[in-house]
Amino acid sequence: MRKKRVFSGIQPSGTLHIGNYLGAIRQWLVEQKYKEGYFCIVDMHAITVPQDPEILRRRVRELAAVYLASGLDPRYSTIFVQSHVPAHAEACWILNCVTPVGWLERMTQYKSKAQQGASVSAGLLDYPVLQAADILLYDTDEVPVGEDQKQHVELSRDIAQRFNRLYGETFVLPEAVIPTSGSRIRAFNEPSRKMSKSEAQIRGHAVNLIDEPDEIRLTIQQAVTDSGREILFSDDPHRAGINNLLEVYELFTGLDRQAIEVHFAGKGYGVLKKELIEVVVEALRPIRERYYKLLANPAEIDQILRAGAEKARAVAEPKLFQMKKRVGFLIT
Ligand code: AQP
């Protein structure tokens, strides 16, 4: 029986925060030995909004270092850069031609980003079709992502179904795998919103994966909570700040919710913040240390990315060939 195929990716569009780790990367590590994982650095997605070329190039390597430092092991998982596998762009074009524009205009991420930007690129509208190409080229079964990506993965399924109906069975229908806890880590300075890479440099917004202990301390100490006293998990939007701190505590300690509530019974928010700081500092220390060691040797990172792209191409190209045949391209 073939191993379960897993595909996921992150844009090299900023510094990674604990939301990216808890919502996505942490899940990638689950059973990586027993699954066939493809983990992509989606630089083509990153340029759907303006990027500084030199900074983008640097961030691609940094993101590769984060993947590796977090525990992705190239012996089991394929780590590669999206633009190194041209099949993604070609497949995207073919899928564009079976995707109604109305499907794309309904995407909430597009709508909110289009409102923010002065000029909206065609690439931004097309973002989810490129994502569908990423996923479908690998006959992906599972797509481990945070909650904000659920709609895009569902669209990938819709596009796959439409292509299969028009041209015959070609694609596996992927499933989004969204963690029950940690799927939407909130901004520490504004708990009504999600923690976001593009805002991670705003003071107090996020704990970044490579933050120094002092930065982690400051961000958590200043985290916005409410005027209540009880330390309990809750869906109440007015208590989103405290719930967010508890979720981060839960995920980094691995304790169950009831044990956490018992532990903090009768204690104040200050105690929770103090303990959370210790937990997060210790959890991120080994990742930060490995990250800087890896970055000191960029040639080794590049070699891992080259080998990853070769492995990815070996899977993506035959699939693209099949797509081309199905739609009627002449193969000479
Ligand atoms: N706050 C979050 N909580 C849980 N998971 C999250 N993800 C992102 N934010 C959270 C998940 O991380 C993966 C990478 O997504 P991304 O590259 O789109 O990251 P981002 O932080 O959302 O980046 P940007 O550039 O700042 O995008 P916008 O502006 O759209 O927020 C995905 O699996 C995502 O679900």
Side-chain angles (χ1 to χ4, degrees), residues 6-14 16-17 19-20 23-25 27 38-51 56 82-83 87-138 140-166 170-179 182-187 190 192-200 323:
V6 181
F7 183 98
S8 197
I10 297 184
Q11 303 177 72
S13 54
L16 255 67
H17 51 74
N20 299 129
I25 298 180
Q27 300 191 82
Y38 294 86
F39 299 105
C40 191
I41 294 167
V42 293
D43 54 349
M44 284 154 58
H45 277 107
I47 61 162
T48 56
V49 294
Q51 302 288 342
L56 179 63
Q82 190 181 31
S83 65
H88 290 239
E90 288 189 70
C92 175
W93 181 257
I94 296 174
L95 297 178
N96 271 332
C97 299
V98 302
T99 306
V101 175
W103 288 8
L104 304 180
E105 285 168 338
R106 276 203 295 277
M107 293 293 109
T108 52
Q109 195 181 74
Y110 168 72
K111 286 197 278 190
S112 78
K113 286 206 172 174
Q115 272 167 9
Q116 291 161 21
S119 94
V120 176
S121 69
L124 191 63
L125 178 66
D126 206 32
Y127 183 113
V129 185
L130 179 58
Q131 191 169 344
D134 298 344
I135 295 168
L136 300 178
L137 277 173
Y138 297 87
T140 300
D141 302 293
E142 297 178 352
V143 188
V145 281
E147 191 195 73
D148 60 324
Q149 290 300 324
K150 186 167 183 253
Q151 195 186 31
H152 285 170
V153 180
E154 281 166 1
L155 185 83
S156 298
R157 272 179 82 89
D158 292 342
I159 295 173
Q161 268 169 329
R162 195 174 160 95
F163 190 98
N164 287 350
R165 215 174 30 248
L166 290 170
T170 308
F171 297 122
V172 169
L173 302 186
E175 296 274 358
V177 179
I178 296 173
S183 66
R184 186 182 165 84
I185 299 296
R186 292 157 181 279
E190 210 183 338
S192 59
R193 301 179 56 215
K194 88 168 183 90
M195 196 175 277
S196 185
K197 207 174 335 103
S198 43
E199 293 180 55
M323 291 170 73

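Side-chain atoms are counted along with the backbone in the values below, which use heavy atoms only and exclude waters and symmetry mates. A quick note: this is a predicted structure, and the numbers were derived from the prediction, not measured. Residue numbers count from 1 along this sequence.
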side-chain contact (heavy atoms from CB on, under 4.5 Å) between Phe39 and Val6: does it pass, once the steps are laid out? CA-CA 8 Å; Phe39 299 105; Val6 181; 4.0 Å; yes
Nearest heavy-atom contact between Phe7 and Cys40 is CZ-CB, 3.6 Å
Looking at OG1 of Thr108 and CZ of Arg106, how far apart are the two atoms once the value is rounded to the nearest 0.5 Å? 12.0 Å
Taken to the nearest 0.5 Å, the spacing of Ile159 CD1 from Gln161 CD works out to 11.0 Å
Under the side-chain contact (heavy atoms from CB on, under 4.5 Å) criterion, do Leu16 and Ile25 qualify, and how do the steps go? CA-CA 10 Å; Leu16 255 67; Ile25 298 180; 3.7 Å; yes
Check this for me: Trp93, atom CH2, are more than 12 non-hydrogen atoms of other residues, nucleotides or ligands nearer than 6.0 Å? no
As a test of understanding, state which of Leu136, Asp126, Leu137 forms a side chain to side chain contact (heavy atoms under 4.5 Å, CB included) with Leu95. Leu136
Taking atom CE of Met107 and atom CD of Glu105, what is their separation to the nearest 0.5 Å? 10.5 Å
Gap separating the SG atom of Cys92 from the CD atom of Gln82, nearest 0.5 angstrom: 9.0 Å
With a 4.0 Å cut-off on N to O distance, would you call Glu199 and Arg193 a salt bridge? yes
In terms of heavy-atom contacts, His88 and Ala133 come closest through O-CB, 3.6 Å
What's the spacing between Asp43 CG and Ser83 OG if we round to 0.5 Å? 3.5 Å
Counting only N and O atoms by type, is there a donor-acceptor contact under 3.5 Å from the side chain of Ser121 to the main-chain atoms of Thr48? yes
For Ile135, does its backbone N or O pair with a side-chain atom of Thr140 as donor and acceptor, under 3.5 Å? yes
Nearest atoms (heavy-atom pairs only) where Ala132 meets Ser156: CA-OG, 3.3 Å
Would you say the rings of His152 and Tyr110 are close, in the sense that their centroids are separated by under 6.0 Å? no
Using a strict threshold of under 4.0 Å (side-chain N to carboxylate O), is an ion pair present between Glu175 and Arg157? yes
Would you mind reporting whether Leu104 and Val129 have side-chain heavy atoms less than 4.5 Å apart? yes
Indicate the atoms forming the closest heavy-atom contact of Met195 with Gly19, along with that distance. SD-N, 3.8 Å
Rounded to the nearest 0.5 Å, what separates atom NZ in Lys197 from atom CD in Gln11? 5.0 Å
Apply side-chain contact (heavy atoms from CB on, under 4.5 Å) to residues Gln131 and His45 and explain how you reach the verdict. CA-CA 8 Å; Gln131 191 169 344; His45 277 107; 3.8 Å; yes
Ignoring hydrogens, what is the shortest heavy-atom contact between Pro179 and Gly182? Give both atom names and the distance. CG-C, 4.2 Å
Could you tell me which non-hydrogen atom of Ser8 sits nearest to which non-hydrogen atom of Pro144, and how far apart they are? OG-O, 2.9 Å
Do Asn164 and Leu173 pass the side-chain contact (heavy atoms from CB on, under 4.5 Å) test, and can you show the C-alpha distance, the side-chain angles, and the key distance before you say yes or no? CA-CA 10 Å; Asn164 287 350; Leu173 302 186; 4.2 Å; yes
